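Since the structure is predicted, the reported quantities are computational estimates derived from the model, not experimental observations. The figures that follow rest on heavy atoms only: side chains count, while hydrogens, waters and symmetry mates do not.
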Amino acid sequence: MGSNLINAIHDERGVASILKDRSKQEIQDILLNYTHKVNSKTCMPVTYTLLTYAICEHNDQAIEDILQIAEENDILEQVLGLRATDQLTSLLKRNTVYLFIML
């Protein structure tokens with residue numbers, strides 16, 4: 001299922017249909033613990049949560065699905081918690097450095 005989620009995010013599709021028949025525990029495990037490792041533009045491997053990966057891929061539908069499903073399962077605060085915030089801050093720093101180097 002993990003590769004289905006990653007492919008959906010990468011292909012600019014939503015993820016709600018993939019998660020719709022999962023138990024609350026499965027959804028919590030997926031949204032809070034599942035990670036995806038990618039090579040960033042700086043050629044360093046980076047591990048993202050599904051939400052951070054959806055943001056990185058500019059997939060608005062997946063972002064909306066993840067946030068809505070998190071809210072429906074009472075884990076929105078955890079999904080938006082420190083880990084995602086740290087990842088987004090790190091991503092912004094890397095992109096800023098990358099853009100500076102490109103200029």
Side-chain angles (χ1 to χ4, degrees):
M1 177 198 354
S3 63
N4 290 341
L5 290 166
I6 296 305
N7 289 336
I9 292 170
H10 182 73
D11 295 340
E12 299 181 7
R13 294 180 284 130
V15 297
S17 62
I18 299 170
L19 296 173
K20 71 177 179 180
D21 293 326
R22 304 287 171 192
S23 71
K24 186 173 184 169
Q25 183 60 48
E26 287 176 303
I27 288 172
Q28 287 178 346
D29 288 343
I30 292 165
L31 294 185
L32 296 176
N33 301 319
Y34 186 81
T35 58
H36 178 60
K37 187 176 282 190
V38 296
N39 285 324
S40 67
K41 293 175 182 170
T42 59
C43 299
M44 297 182 67
V46 180
T47 303
Y48 293 127
T49 63
L50 289 177
L51 176 60
T52 308
Y53 184 63
I55 293 168
C56 182
E57 290 289 317
H58 308 285
N59 185 332
D60 293 339
Q61 185 60 56
I63 295 166
E64 184 177 326
D65 290 350
I66 291 167
L67 295 176
Q68 182 175 354
I69 291 167
E71 184 175 35
E72 290 169 359
N73 286 276
D74 300 319
I75 57 170
L76 184 59
E77 285 185 22
Q78 293 98 319
V79 168
L80 293 173
L82 186 59
R83 184 174 180 194
T85 303
D86 286 346
Q87 289 178 346
L88 291 172
T89 301
S90 179
L91 175 65
L92 288 172
K93 286 179 184 176
R94 271 195 289 283
N95 284 340
T96 301
V97 169
Y98 179 73
L99 289 172
F100 180 75
I101 291 170
M102 294 301 291
L103 294 175

>> Go through it in stages, so that I can follow the logic: the residues are Q28 and N33, the test is side chain to side chain contact (heavy atoms under 4.5 Å, CB included), and I'd like the CA-CA distance, side-chain angles, deciding distance and then a yes or no.
In response: CA-CA 8 Å; Q28 287 178 346; N33 301 319; over 6 Å; no
When rounded to the nearest 0.5 angstrom, what distance separates [atom1] in [X] from [atom2] in [Y]?
| X | Y | atom1 | atom2 | answer |
| --- | --- | --- | --- | --- |
| H36 | L50 | NE2 | CG | 9.5 Å |
| N59 | I9 | CG | CD1 | 6.5 Å |
| Q78 | T49 | CD | OG1 | 13.0 Å |

>> Between Q61 and E12, is the side chain to side chain contact (heavy atoms under 4.5 Å, CB included) condition met? List the steps.
In response: CA-CA 7 Å; Q61 185 60 56; E12 299 181 7; over 6 Å; no
> D60: what forms a side chain to side chain contact (heavy atoms under 4.5 Å, CB included) with it, not counting sequence neighbours?
Replying inline: I63
> Residues two or more places apart in sequence or in another chain: which of them pass side chain to side chain contact (heavy atoms under 4.5 Å, CB included) with A70?
Replying inline: L31, I75, L76, V79
>> I'd like to check R13 versus N7 (side-chain heavy atoms, cut-off strictly below 4.5 Å). Are they in contact?
In response: yes
> Are L80 and L51 side-chain neighbours, meaning at least one heavy-atom pair lies under 4.5 Å?
Replying inline: yes
>> Using every non-hydrogen atom in the two residues, find where Y34 and S3 come nearest and quote the distance to one decimal.
In response: OH-N, 4.1 Å
>> Tell me the closest heavy-atom pair linking G14 and A8, and the distance in Å.
In response: O-CB, 3.6 Å
> Under the side chain to side chain contact (heavy atoms under 4.5 Å, CB included) criterion, do K20 and I69 qualify, and how do the steps go?
Replying inline: CA-CA 9 Å; K20 71 177 179 180; I69 291 167; over 6 Å; no
> Does the pair I6 and Y53 meet the rule for a side chain to side chain contact (heavy atoms under 4.5 Å, CB included), with working shown?
Replying inline: CA-CA 8 Å; I6 296 305; Y53 184 63; 4.0 Å; yes
> Of the options N4, D65, L5, which is the one that meets L19 in a side-chain contact (heavy atoms from CB on, under 4.5 Å)?
Replying inline: L5
>> Looking only at the side chains, is there a donor atom on one of E64 and Q68 sitting less than 3.5 Å from an acceptor on the other?
In response: no
